[in-house]
J.: 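One structure, as structure tokens, below. Some questions next.
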Amino acid sequence: MDFSVIKILFIFSFFVYPEAKALIYPQDLITHDSVFDFPSLNQSFPTSSSPIFRPPTAPLVPALFIIGDSSVDCGTNNFLGTFARADRLPYGRDFDTQQPTGRFCNGRIPVDYLALRLGLPFVPSYLGQAGSIKEMVLGVNYASAGAGIIFSSGSELGQHISLAQQIEQVTDTVQQFIVNIGEDATTDLISSSLFYISIGSNDFIHYYLLNASNVQNVYLPWSFNQFLAQTIKQEIKNLYNDKVRKVVVMGLAPIGCAPYYLWLYSSENGECVKNINDMILEFNFAVRYMVSELNEELVDATIIFCDAFEGSMDIIQNYNRYGFNVTDEACCGLGEYKGWIMCVSPEMACSNASSHIWWDQFHPTDAVNAILADNVWSSLHTPMCYPMNLQDMLAQSTR
């Protein structure tokens, strides 16, 4: 698809559809006391409640820090000059506030559900929070839609914050903590907190598959995936140098099943695009092996790999068991499979997103995010995390 068409439609939507106010601080909805003790910081902090289960009375980790792309962006791109924005309805229509927040979903993203499991608030974006240490010690979300492992991935959409830049922001945050609460307290906070990394799709969608910089003539898919995995590995080592010790690394979902590619490749009967999914499988294999290497190399670090491809394909192949009716067509969009034109107005959206696996051209619905988060947490529906799920990882660290 010509991304100039996307830009024209996006600009058009600004004039036709009124601006919806994005909620920067969804955690303002409720309050909860932090039990993590910092010098001069034993005050109350906000958190969120879950309609599904009772959250733990005390947080299982002191904070959740998130690095990634649109799969976990909660509002970073609201503050950037980019076409990759989700700050207008129908995005967020099924969120707790029924307003857009910058999440590329009809409701919650996976890290929202995991925050609840951990007993923490919904994590504010790095650019959206006010810089208050009281808020930042519970976590920060650095994720930026359009971002990739490669710096220039997604650059045709406008501004974004790449993986390397997000790691730099983490380092800046650590330095802020040291200045405000001291080095020892900062080390305790960072080493006890959870870091969640979900990035890589844009390196295919907006780079390799577009053959940007003639990359396909330089790298075969396997070599490209090795390059991406080694880049992530170095960035995790940089986090380790900042005292990070608990990390979840997400694999990529089957983007060959995304409505955009079903439309682009004129899929018959909603069949996924095999050559794209094969590349994603290779990427996930390379990243899983890289994670196993890091667990051997980095003393006192625990890193798990969670395969979003496995979890997503389980949902697609067993959609009836999960209560879905539509597996190939997006809830919001235009064209065949609703994959041709991006979601830019409420009129383009279906009435019941929970019956769909896909929300828009590339992103799953809230219902799918909830299932994947359950799998990351406890392998509730199907095992997809290696060598253990998040719940077991945290239990192991308390022994």
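In this chain, numbering begins with 1 at the start of the sequence shown. Bear in mind that the values here come from a model prediction, so they are computed numbers and not experimental data.
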J.: Looking at N77, T82, T76, which hits side-chain hydrogen bond (donor to acceptor under 3.5 Å, both in side chains) with S144?
T.: N77
J.: For N238 and E235, test the side chains for any donor-to-acceptor distance below 3.5 angstrom and give the result as yes or no.
T.: yes
J.: Does a donor on one side chain sit under 3.5 Å from an acceptor on the other, for D242 and T171?
T.: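 Side-chain D/A pair, D242 to T171: present.
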J.: Between K338 and D360 (salt bridge meaning N to carboxylate O under 4.0 Å), is one present in this structure?
T.: no
J.: Would you please classify the geometry between the F305 ring and the Y386 ring as parallel, tilted or perpendicular, with 30° and 60° separating the classes?
T.: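 Rings of Y386 and F305: parallel, under 30°.
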J.: Would I150 and V215 satisfy side chain to side chain contact (heavy atoms under 4.5 Å, CB included), going step by step from the backbone distance to the final call?
T.: CA-CA 12 Å; I150 297 171; V215 63; over 6 Å; no
J.: Show me the pairs that pass disulfide bond (SG atoms under 2.5 Å apart) and involve residues 147-248, at least two apart or across chains.
T.: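 For residues 147-248, and leaving out neighbouring residues, there are no disulfide bond (SG atoms under 2.5 Å apart) pairs at all.
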J.: Taking 4.0 angstrom as the limit, do E297 and K233 come out as a salt bridge?
T.: yes
J.: Passes ring pair (Phe, Tyr, Trp, His ring centres under 6.0 Å), Y208 versus Y219? Steps please.
T.: CA-CA 9 Å; Y208 194 84; Y219 289 104; 8.1 Å; no
J.: Please confirm whether the backbone N or O of W358 pairs with a side-chain atom of T365, one donor and one acceptor, at under 3.5 Å?
T.: no
J.: Return yes if a side-chain donor-acceptor contact under 3.5 Å exists between S155 and H160, otherwise no.
T.: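 Side chains of S155 and H160: no pair found under 3.5 Å.
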J.: Tell me, with the steps shown, if C331 and C350 meet disulfide bond (SG atoms under 2.5 Å apart).
T.: CA-CA 5 Å; C331 173; C350 66; 2.0 Å; yes
J.: Could you check whether atom NZ of K243 has more than 12 heavy atoms from other residues, nucleotides or ligands sitting under 6.0 Å from it?
T.: no
